[in-house]
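Presented below is the structure to which this report refers.
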Amino acid sequence: MSVKQNFRKLLLVSTSCAFFAACADTSISSPGGTNIGTPPGGGGGTGGGGNQTTIDLVPAGGCGTGSVREATVVNGDVTINACEITGNITQDTAIAQNAGVLVTGPTFVGSDGGAQVTLEIGAGATLFGSAGSDYIVVARGSRIEANGTSAAPIVMTSRQDVEGTVGENDRGQWGGLIINGFAPINACIDGTAAGGSADCEKSGEGSSGLFGGDNPADDSGWLRYVQVRYAGFLINNEDELNGIAFQGVGSGTEVHHIQVHNNADDGIEMFGGTVDVRNVVLTGNADDSFDYTDGWIGRAQYVLVRQSGDDADQGFEFDNRSSNNDLTPRSNPRIANFTIIGERNAAESDDGILLRAGTAAELYNGIVVDMGEECLDIDNDATFDGITGANGRPADEDIIIQSVFFNCPTNFKDDGADDLVDVADFVTNTMINNVDASSNSMSGVLPGPQELAVVATDVNAIDAWFDATTYAGAFSGTDTNASNWAAGWTFDLFEDPGCPTGTTESAETIGGQRVCQITGNITSDVRLTRGSIYELVGPVFVGVDRGADPASPLPSGIEASLTIDPGVTIFGTAGSDYIVVARGSQIFSNGTSAAPVIMTARSDVEGTVGANDRGQWGGLVLNGRAPINACIDGTATGGTTDCEKSGEGSSGLFGGATPTDDSGDIFYTQVRYAGFLINNEDELNGIAFQGIGSGTDVDYIQVHNNADDGIEMFGGAVDVRHVVLTGNADDSFDYTDGWVGRAQYVIVAQSGDDADQGFEFDNRSSNNDLTPRSNPRISNFTIIGERGAAESDDGILLRAGSAGEFYNGIVVDMGEECLDIDNDATFDGITLANARPADEDIIFQSIYFSCPTNFKDDGADDLVDVEDFILNTMVNNVSDTDGSTMSGFAFIPGNTGVVPGAEEQAVVATDINAIDAWFEDAQYAGAVEDANDTWYQGWTYVRTQ
């Protein structure tokens with residue numbers, strides 16, 4: 001029987017199957033944000049003269065490039081056709097996405113002092129070894145680039161795991177991963193060498209070669225969304241492989257979202273170095289879960305340790321150097337937001353935290369519970385010197401423990417130093433915000449009321465590398481089993497929650513992922529968690545309109561919220577599939593830079609979308625109660641509760657008299673391929689902000705390839721930051737109906753096949769002088785057209801009576817003009833004619849223009865010459881029709897880059913923060929300061945063709 005299945009589907013199979021063969025012929029779907037289960041493997045069956053199974057792990061497109069090849073391994077009745085790496089890799093090698101790769105013998109990436117190469121591993125790949133002698137070593141000077149994702153983590157595991165025969169408590173079935181670097185260490189082979197110098201080197205475990213040096217910023221690549229399972233072979237009593245050994249690894253190495261499960265020795269161990277780590281999960285490891293020695297001075301945030309008591313030791317075992325406690329550089333890490341969970345009364349579940357051998361450390365915002373012995377043990381006089389400051393120990397090598405919750409059979413212990421410090425007294429009286437508890441309220445790995453009551457330390461204020469958090473432990477009080485940073489990519493951590501309440505599981509799966517459907521009216525709070533993808537079926541309304549006045553809401557209305565967790569994907573199949581948030585209800589789109597929320601089309605999810613496709617589903621519509629000027633009732637006064645308007649796409653009423661109205665939050669969110677044409681007058685925008693108030697937080701949003709405008713403001717007072725608008729067919733940024741909000745950091749990148757204006761800004765076309773008048777303040781924008789393209793129109797079209805203030809901008813390469821001002825009522829904002837108040841004027845300052853024609857005005861030539869106004873009345877503006885010096889990163893292939901060159905950087909910027917404190921102090925023209933400013937990368941979609 002030959003088995004060849006979708007890798008992602010297999011990676012996401014639930015671990016409820018004891019053996020993979022038992023699941024072979026079932027429909028396998030994602031377990032939600034829970035167990036990333038058995039890696040690529042096969043079912044069983046009878047065929048060909050016996051109970052033979054062939055597991056085929058070679059992708060259709062091949063294994064990759066470089067030193068990766070096809071191979072076959074036979075184990076009894078099981079044959080695995082896979083890719084293979086082995087021996088010394090002496091050329092750059094790329095392993096294909098979703099490939100199954102056999103690791104044969106010690107496999108060295110590069111050689112120390114020789115070939116410096118890169119091993120790139122594609123998302124969803126599974127690397128597996130058959131014995132303890134099968135492991136991977138990255139030599140000094142070489143790199144590993146493990147490109148896992150939350151939906152498709154990279155798995156490094158054993159052959160037994162692939163075959164489906166691994167046991168729950170199995171360990172040590174293959175070697176593991178070792179990374180060697182040039183960062184400083186304190187344990188030198190040469191006893192005369194100075195710690196932290198280039199002469200201070202050490203031989204790694206498992207004959208893995210030398211590590212150490214004098215480069216704290218050394219870069220060994222990155223590990224992103226990586227699991228290491230069932231590793232840690234015992235070579236001898238003194239030499240046992242860790243799950244991941246970081247040996248002299250430098251801070252230039254990026255490590256986040258890693259898990260080590262069921263390792264026979266330590267989960268991860270730091271042998272000196274300066275590497276920082278985030279989002280670490282350590283489960284079921286037999287020795288210490290997190291270990292360091294030899295002078296590690298890195299940082300860690302969000303660390304979960306969960307022991308299984310059959311063979312566990314310490315949760316954290318932290319040393320400087322056992323043979324000489326005062327070697328330098330001294331181990332001195334800073335760690336925050338950790339949760340350590342033992343097995344109370346289990347003989348092999350030892351200390352939660354063991355500090356010894358002269359280490360220093362700063363530990364903040366932690367939870368340590370249910371160890372078999374002590375929560376915290378401090379040993380050795382040299383360690384206590386970090387408390388007492390004895391023996392000339394400098395203050396920056398002290399021990400700090402703050403905001404940590406302790407609950408174990410014995411919370412505190414000290415060995416051999418009772419005459420120096422009482423640990424319990426030190427933790428509870430000298431340190432602050434620690435809790436010496438007699439019980440705990442943990443719910444699995446999540447905190448309960450007792451833990452949530454800990455007064456947290458603002459570690460971000462101590463060190464800006466750390467995220468700002470307000471809680472102790474690895475998880476917050478709002479996290480659930482289905483929704484937290486560890487959900488969706490880890491193994492054997494959470495149970496499958498199924499489709500969330502308020503959604504319905506579809507019979508369909510896409511790419512091995514479960515599809516949960518959303519339809520009709522959402523009349524109670526709904527939270528979309530990671531691990532599934534979500535299909536919109538028809539118009540989905542969040543809540544039922546509660547009317548224009550929050551003080552007197554409509555009794556027929558219903559308030560509800562839609563919360564979307566980081567990394568969630570929502571898709572629509574047709575233009576009739578879209579989301580509307582009704583007045584009084586809220587949306588919380590909680591994407592992050594590492595895991596943005598994506599709202600897109602079915603064809604995008606299925607991988608069939610074209611580069612220029614648009615209008616394949618509806619989009620996102622938000623209705624609010626903030627003031628507008630376009631009223632259904634012609635007798636109503638703009639900005640009052642009587643002034644309401646019907647939204648596009650039959651999305652209901654919006655408008656009111658509450659400028660601070662709050663429709664929720666939208667963070668790190670992409671909207672792709674939307675904008676369905678309902679009729680010639682009614683077409684859905686990517687995101688329509690209809691009467692949205694300033695209480696709504698909008699930061700880091702992208703609209704890509706919308707069939708109508710990217711975003712449009714219909715009145716309201718909402719502010720937006722970090723906006724990316726790419727490939728949209730009509731106007732990228734549009735406003736009307738009296739918008740009075742603010743915007744900072746806006747990038748527009750057109751694709752010329754169907755684009756209009758970069759900015760199209762109106763007050764109201766039917767009556768240019770309606771109030772409240774559109775009057776936003778916008779700073780730090782970059783508008784990039786396609787010079788010479790017939791469909792790339794104006795950079796900025798200001799018309800229909802709009803006011804506005806525009807600062808620190810770049811407008812380049814439009815097909816027509818950079819700036820066009822139309823309509824007499826608009827020019828009144830320059831001349832202050834017709835009693836136009838001064839706070840409704842038009843200001844353009846510190847803007848660089850470079851288009852075939854920079855300035856144009858229609859129907860108002862007798863009032864103002866636009867070019868003269870911009871260059872002579874206004875200040876710091878620059879006009880150059882010959883072409884800009886923009887370069888670098890581009891969202892659209894062939895487009896001008898977003899990085900300003902010498903001409904743009906020469907613009908004298910306006911201090912916008914001094915004008916309005918809402919704005920960040922960004923004294924440069926454009927949305928991007930220079931090539932080092934990359935806020936627009938990583939979380940956005942970038943077209944490649």
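Under the salt bridge (Lys or Arg N to Asp or Glu O under 4.0 Å) criterion, Arg773 pairs with Asp769, Glu840, sequence neighbours left out. The side-chain hydrogen bond (donor to acceptor under 3.5 Å, both in side chains) search around Asp549 returns none, not counting sequence neighbours. Partners of Asp662 under the side-chain contact (heavy atoms from CB on, under 4.5 Å) rule, at least two apart in sequence or in another chain, are Gln586, Thr696. With sequence neighbours excluded, the residues forming a side-chain contact (heavy atoms from CB on, under 4.5 Å) with Ala749 are Thr726, Phe891, Ile892, Asn895, listed by chain and number. Shown here are the salt bridge (Lys or Arg N to Asp or Glu O under 4.0 Å) partners of Asp458, two or more places apart in sequence or in another chain: there are none.
Shown here for Asn706 and Asn685, the closest heavy-atom pair between the two residues is ND2-C, 3.4 Å. Listed here is the closest heavy atom pair of Ser694 and Thr660: OG-CA, 3.5 Å.
Between Trp939 and Trp935, the ring planes lie parallel to each other; the angle is under 30°, not in the 30° to 60° tilted range. In this structure, Phe759 and Phe781 have tilted ring planes: the angle between them lies in the 30° to 60° band. Note on ring orientation: taking the six-membered ring where Trp is involved, the planes of Phe761 and Phe806 are parallel (angle under 30°, cut-offs 30° and 60°).
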Test ring pair (Phe, Tyr, Trp, His ring centres under 6.0 Å) applied to Tyr745 and Tyr936, step by step:
CA-CA 9 Å; Tyr745 310 121; Tyr936 50 89; over 10 Å; no
Could you go through Asp762 and Ser802, starting from their C-alpha distance and side-chain angles, then the distance that decides it, and tell me whether this counts as side chain to side chain donor-acceptor pair (under 3.5 Å)?
CA-CA 5 Å; Asp762 299 356; Ser802 180; over 6 Å; no
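The disulfide bond (SG atoms under 2.5 Å apart) pairs that include a residue from residues 628-676 are Cys631-Cys643, where partners are two or more places apart or lie in different chains.
No side-chain donor-acceptor contact under 3.5 Å links Glu712 to the backbone of Tyr735. Side-chain N or O atoms of Asp916 include none that pairs as donor or acceptor with a backbone N or O of Asn913 at under 3.5 Å. Using a distance-only test at 3.5 Å, with no hydrogens or angles considered, no donor-acceptor pair links the side chain of Asp642 to the main chain of Ala636. With Asn365 contributing its side chain and Thr457 its backbone, the two residues share a donor-acceptor pair below 3.5 Å. A donor-acceptor contact shorter than 3.5 Å is absent between the side chain of Asn808 and the backbone of Ala925.
Of the candidates Asn728, Asp734, Asp793, Asp756 forms a side chain to side chain contact (heavy atoms under 4.5 Å, CB included) with just one, namely Asp793. With respect to Asn763, the side chain to side chain donor-acceptor pair (under 3.5 Å) criterion is satisfied by exactly one of Asp737, Asn629, Asn823, Thr826: Asn629.
Between Arg583 and Glu644 there is a salt bridge, since at least one side-chain N of the basic residue sits less than 4.0 Å from a carboxylate O of the acidic one. Salt-bridge check for Arg836 with Asp841: failed, with every basic side-chain N at 4.0 Å or more from each acidic carboxylate O. Taking a cutoff of 4.0 Å between a charged side-chain nitrogen and a carboxylate oxygen, Asp719 and Arg742 qualify as a salt bridge.
The shortest side-chain heavy-atom distance between Tyr668 and Asp699 does not fall under the 4.5 Å cut-off. Two residues are said to be in side-chain contact when any heavy atoms from C-beta on lie closer than 4.5 Å; Ser646 and Ile632 meet this criterion. Contact check for Phe466 versus Asn337: no side-chain heavy atoms found under the 4.5 Å cut-off. At a threshold of 4.5 Å between non-hydrogen side-chain atoms, the residues Asn460 and Asp467 do not count as touching.
Ring to ring, Tyr700 and Phe667 are not that close: their centroids are 6.0 angstrom or more apart.
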